[in-house]
Amino acid sequence: NGGAGSQVLADYTTLTNNVVRGNASHGISVQGSFNEIVATFAGTDPSGLVADGNGGNGIDVNGSDNCIGTRLDLFDVCDPSLADPASELTVLAANQGSGIDVLGERNLAPHAYVGLDANGDALGNQVDGVELRRTLGATEGNVVEGNAIGANGRDGIRMERTAFHVVRSNVIGIDALCFTDPRTNLGSGVYIDQSNIITVGGAGRFIDGGDGNLIGGNALAGIHIDSANDLIAILGNTIGISGDGLQRVQNGFLGGVFVDTPNSNVVIGDNTISGEDVGVHLIGSGVVVRSNRIGTNDFGEHGSVPGQ
């Protein structure tokens, strides 16, 4: 098609089990609210393995209270032969824009492969995996939860001049099956710039089913906090090592968490940051670093992970 593959200008609509590929603009453009897009391949052939990208974003959202992803938990199995990618899996890969670009509030992006094919191998989008933006005047943000995000041309998740978002329980830059091998985003795993009230992670480690993200293998930093941010919380994440905490999956030269922002209010707490050249790299002021495990595994054991 010469424009978007599918354009949703309505509310309370469900799109499911569609293959949306090779369109000149976005795969799916949503300009409404309370819509659900699940079990969708945007940017690949029906197998989910061969690139046939859309000219814009895989899914482009301008609205509120939409759900884009999959109902199932992606991270139940380590053996790919036990998974059924044809059932409900959402794959957003090989698009010329980002996998998902969200403008609005209270949207949920759960349980998708973003920049990865249906087997979890690299098939990146050319820009970001997920880009979160905010409608002027919005007082709530969006939630990115339980996704596998890797191999994208810029950042895994990018938040710029925005607010109120939550990023939790994702695998970013590491394979989604056994959590040991890099799926490198060419920027940072998570990039935050000129944004407010952002939470990356939360209570509990990823490997225990908690809100923390598993972040490694990205070309720049695991998490990069750039200029003029306020009320940023980096909590409970596992950065630079595999899901079992025993192997190095190093991020790039900016290290595990890189903060380059003056006069900000940033808290980095209860994270495991290991396997990096630099665990936490701080430039500026207003950063609190507390109760982290730096240079150990998730259990606080030293010497089990090379590096750091």
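Hydrogens, waters and symmetry mates are skipped; everything else that's a heavy atom, side chains included, is used.
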Asp175: salt bridge (Lys or Arg N to Asp or Glu O under 4.0 Å) partners, not counting sequence neighbours: none
Pair Asn170-Asn147, side-chain donor/acceptor within less than 3.5 Å: yes
Distance-only polar pair, side chains of Thr272 and Arg293, donor-acceptor under 3.5 Å: yes
Mutual orientation of the aromatic rings belonging to Tyr12 and Phe34 [parallel < 30°, tilted 30-60°, perpendicular > 60°]: parallel
Stepwise side-chain contact (heavy atoms from CB on, under 4.5 Å) test for Thr199 and Arg168: CA-CA 8 Å; Thr199 300; Arg168 64 191 181 206; over 6 Å; no
salt_bridge(Arg161, Asp226) N-O dist < 4.0 Å: no
Worked check of side-chain contact (heavy atoms from CB on, under 4.5 Å) between Arg133 and Asp101: CA-CA 8 Å; Arg133 298 181 288 140; Asp101 187 301; 2.7 Å; yes
Ile283, Val278, Leu220, Ile225 screened by side chain to side chain contact (heavy atoms under 4.5 Å, CB included) with Phe258, the one that passes: Ile283
Test item: side-chain donor near acceptor, Asn292 and Asn271, under 3.5 Å: yes
Distance, nearest 0.5 Å, that separates CD1 of Ile157 from NE2 of His165: 11.0 Å
Short side-chain donor-acceptor distance under 3.5 Å, Ser227 and Asp193: yes
Distance in Å, Ile149 CD1 paired with Ile172 CD1, rounded so as to fall on 0.5 Å steps: 5.0 Å
Stepwise side-chain contact (heavy atoms from CB on, under 4.5 Å) check, Asp117 with Thr44: CA-CA 8 Å; Asp117 70 15; Thr44 74; 5.7 Å; no
Pairwise distance CD(Glu131) to CE(Met159) - rounded to 0.5 angstrom: 10.5 Å
Ala39 to Thr16 - nearest heavy-atom pair and separation: CB-OG1, 3.8 Å
Check: Asn237 side chain, Val200 main-chain N or O, donor-acceptor pair, under 3.5 Å: yes
Check ion pair Asp45-Arg21 (N to O, under 4.0 angstrom): no
Flag, side chain of Ser169 to backbone of Gly210, donor-acceptor distance under 3.5 Å: yes
Heavy-atom donor-acceptor pair, Thr40 side chain to Val38 backbone, under 3.5 Å: yes
Value rounded to 0.5 Å, distance of CD1 in Ile241 from CD1 in Ile207: 10.0 Å
Candidates Val61, Val20, Asn23 - the one meeting side chain to side chain contact (heavy atoms under 4.5 Å, CB included) with Ile28: Val20
side-chain contact (heavy atoms from CB on, under 4.5 Å) between Asn125 and Ser98, worked out: CA-CA 6 Å; Asn125 299 289; Ser98 297; 5.6 Å; no
Side chain Asn95, main chain Asn57, donor-acceptor under 3.5 Å: no
Asp155 side chain to Ser188 backbone, donor-acceptor under 3.5 Å: yes
Check: His26 side chain, Ile59 main-chain N or O, donor-acceptor pair, under 3.5 Å: no
Distance (rounded to the nearest 0.5 Å) between Leu186 CG and Asn152 CG: 8.5 Å
Reported CD1-to-CD1 distance for the pair Ile174 and Ile215, which is rounded to 0.5 angstrom: 8.5 Å
